Amino acid sequence: TALADVRLSERELPTDGQPLSKLNAERRTRAIGISLKLGEIGEQLLDTSKKTGKPNEYGPNEYGPNDENEVEDHLNWALEESLRAIQGQRTETGKPVKDAKPNESGEAKREEGELVLPRWVDGVDVGAVVERVADYYSRKGKREYAVPLFLHAISTLLSPPAPSGVGTWLGTKPEPSPEDKCKAATLMNNLSALFAEHKPINIPQAKAWAQKGYEIAQKARSGAKLTARTECDVALAVIAFNLGMLSEMSKEKPDAERYFKQALELSETVGLSDGVSQSRQALQRLGETR
C-alpha cells in the first residue's frame, strides 16, 4: 500500500531526541515530506474505516494510525519543522539577510548583522506545507486552527517585493507571480467555505473573502501568460460558483444567477466537467424557485 511504502521510509525521520538540524540537507527535506504524507494517508485510512464501519485492515499498530491525534502529530511536526527552517538563527542585531554570497561549503556567507539560512531550506516549500495542514483542519471543521494557517499561506503568496536595498530572509523578494496570486485567491475561497460551512456560520465574512479572492484572480489573469491564465480561470470558476451559493443562501437571486452563469462559462472554457454540471443544476434550481 501507499502508506506501507511511506512507512518504510520512516527511517528518514529523526529518532527521538534527535534534532532535525543534525540531519543532512536531503534527509531534512525528505523527513518533512514523509511526515506530511504519513498524516495525509493516515487521514484517508481513518476516513475509510469510519465510512465502512470496518477497522483498519492493516491492524491498529502496523501501518495505519490509531486515531486522529496520531495523524495530527505527523502534520504538525511537518509544519513546525518547515516554519523552523525559515526562522534560522538571528544575530543580536536581528537584521535580515541581504545579498549573501555562498561560501565554500555552499551555505550563505555571514556578514555582520545578517541572517544566514542553511542551503537545505531551499528544498522546503513552506507555503505548500502550511496550505496542506490548513486544508486538513478545514476538512475537520477546526476553524480555530485552519484560519491562521490559511492567512499565513495567503500572506506568504502575496507578500510584496522588498523595497530597493532592503533584504529579506531569503534574499530579494520578487513581485508575486500571477500563479501565486491565483493560488492565494483559491485559499481565500477556502477561507470563505470555512465561514460558510462550519459553525458559527458567518455568511458576510464568507462573501467578503470570496469576493476578495475573485478580485485578485481577475486582476492576476489580465496580465498572465497562457498557463497562468488557465490556472486563474479555474480559480475564478470555483470562486464564482461559491459566490453563487452564498448569494443564493442570502436570498439574492439576481446575484446568484449572475455568478452561476460566470461559473458555467468559465468551467466550459477550462473543461471543468463538475463545474459545468453543478452550475447548470444551480441555474435550473434558481429557475424553479422563481
Side-chain angles (χ1 to χ4, degrees), residues 122-135 138-139 146-147 149-164 168 170-197 205-248 252 254-284 286:
D122 290 340
V124 180
D125 188 344
V126 180
V129 175
V130 172
E131 178 185 343
R132 286 161 73 175
V133 178
D135 281 336
S138 177
R139 289 191 295 273
V147 169
L149 290 174
F150 276 131
L151 291 175
H152 182 97
I154 290 168
S155 64
T156 299
L157 289 166
L158 295 182
S159 58
S164 178
T168 66
L170 296 178
T172 303
K173 175 69 171 64
E175 174 74 24
S177 67
E179 292 92 339
D180 283 347
K181 290 178 181 179
C182 288
K183 184 178 292 185
T186 298
L187 295 183
M188 290 179 185
N189 192 59
N190 292 348
L191 262 179
S192 170
L194 263 181
F195 285 107
E197 297 171 2
Q205 186 83 317
K207 289 181 71 175
W209 276 111
Q211 287 170 342
K212 183 63 176 177
Y214 194 84
E215 292 171 5
I216 288 176
Q218 271 191 321
K219 291 180 181 178
R221 184 192 184 282
S222 64
K225 295 181 180 179
L226 181 60
T227 303
R229 195 180 306 141
T230 300
E231 184 174 340
C232 290
D233 281 342
V234 171
L236 285 168
V238 174
I239 298 172
F241 184 84
N242 185 33
L243 282 167
M245 293 294 292
L246 293 171
S247 297
E248 185 178 5
E252 299 168 347
D255 286 343
E257 184 174 9
R258 174 167 57 87
Y259 283 124
F260 285 139
K261 285 181 177 179
Q262 290 178 4
L264 175 59
E265 182 180 344
L266 288 163
S267 296
E268 289 175 336
T269 298
V270 296
L272 288 176
S273 57
D274 287 344
V276 170
S277 61
Q278 291 181 29
S279 297
R280 285 176 176 167
Q281 290 172 12
L283 287 168
Q284 182 179 3
L286 285 179

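The model shown is predicted, which means the values in this text are computed figures rather than measured ones.
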Which atom pair, heavy atoms only, marks the closest approach of [X] to [Y]?
X: Pro178; Y: Gly223; answer: CG-O, 4.4 Å
X: Ala146; Y: Ser138; answer: CB-N, 3.8 Å
X: Gly213; Y: Ala185; answer: O-CB, 3.2 Å
X: Leu243; Y: Lys207; answer: CD2-O, 4.1 Å
X: Ile154; Y: Ala184; answer: CG1-O, 4.1 Å
X: Ser279; Y: Ala263; answer: OG-CB, 3.5 Å

Qualifying residues under salt bridge (Lys or Arg N to Asp or Glu O under 4.0 Å), relative to [X], sequence neighbours excluded:
X: Arg132; answer: Glu40
X: Lys181; answer: Glu175
X: Lys261; answer: Glu257

Salt bridge (charged side-chain N to carboxylate O under 4.0 Å, His left out) partners of residues 150-159, not counting sequence neighbours, each pair once: none
From [X] [atom1] over to [Y] [atom2], what is the distance, rounded to the nearest 0.5 angstrom?
X: Ile239; Y: Gln218; atom1: CD1; atom2: CD; result: 9.5 Å
X: His152; Y: Leu187; atom1: NE2; atom2: CG; result: 11.5 Å
X: Cys182; Y: Arg229; atom1: SG; atom2: CZ; result: 11.0 Å

Using side chain to side chain contact (heavy atoms under 4.5 Å, CB included) as the criterion, list what pairs up with [X], not counting sequence neighbours.
X: Leu266; result: Asp233, Leu236, Ala237
X: Ala206; result: Ser192, Phe195, Ala196, Leu246
X: Glu215; result: Lys212
X: Ala193; result: Glu197

Distance-only donor-acceptor hits, side chain of residues 268-276, under 3.5 Å, sequence neighbours excluded:
residue : atom : partner : partner atom : Å
Glu268  : OE2  : Arg280  : NH2          : 3.2
Thr269  : OG1  : Glu265  : O            : 2.9

For Glu231 and Val234, what are the C-alpha separation, side-chain angles and deciding distance, and is it a side-chain contact (heavy atoms from CB on, under 4.5 Å)? CA-CA 5 Å; Glu231 184 174 340; Val234 171; 5.8 Å; no
Pair Phe150, Leu194 - check side-chain contact (heavy atoms from CB on, under 4.5 Å), show working. CA-CA 10 Å; Phe150 276 131; Leu194 263 181; 3.9 Å; yes
Who pairs with Tyr259 by side chain to side chain donor-acceptor pair (under 3.5 Å), at least two apart in sequence or on another chain? none
Residues at least two apart in sequence or cross-chain that pass side chain to side chain donor-acceptor pair (under 3.5 Å) with Gln278, listed by chain then number, are none
A side-chain contact here means heavy atoms from C-beta on lying under 4.5 Å apart; do Asp180 and Leu158 qualify?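 No, side chains not in contact.
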Is there a side-chain contact between Leu191 and Leu151 (heavy atoms, below 4.5 Å)?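 Yes; the side chains approach each other to less than 4.5 Å.
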Go through the steps for Thr156 and Val130 under the test side-chain contact (heavy atoms from CB on, under 4.5 Å), then give the verdict. CA-CA 10 Å; Thr156 299; Val130 172; over 6 Å; no
Non-neighbouring partners of Phe241 that pass ring-ring contact (aromatic ring centres under 6.0 Å, His included), sequence neighbours left out: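 If we apply the ring-ring contact (aromatic ring centres under 6.0 Å, His included) test to Phe241, skipping adjacent residues, the hits are Phe260.
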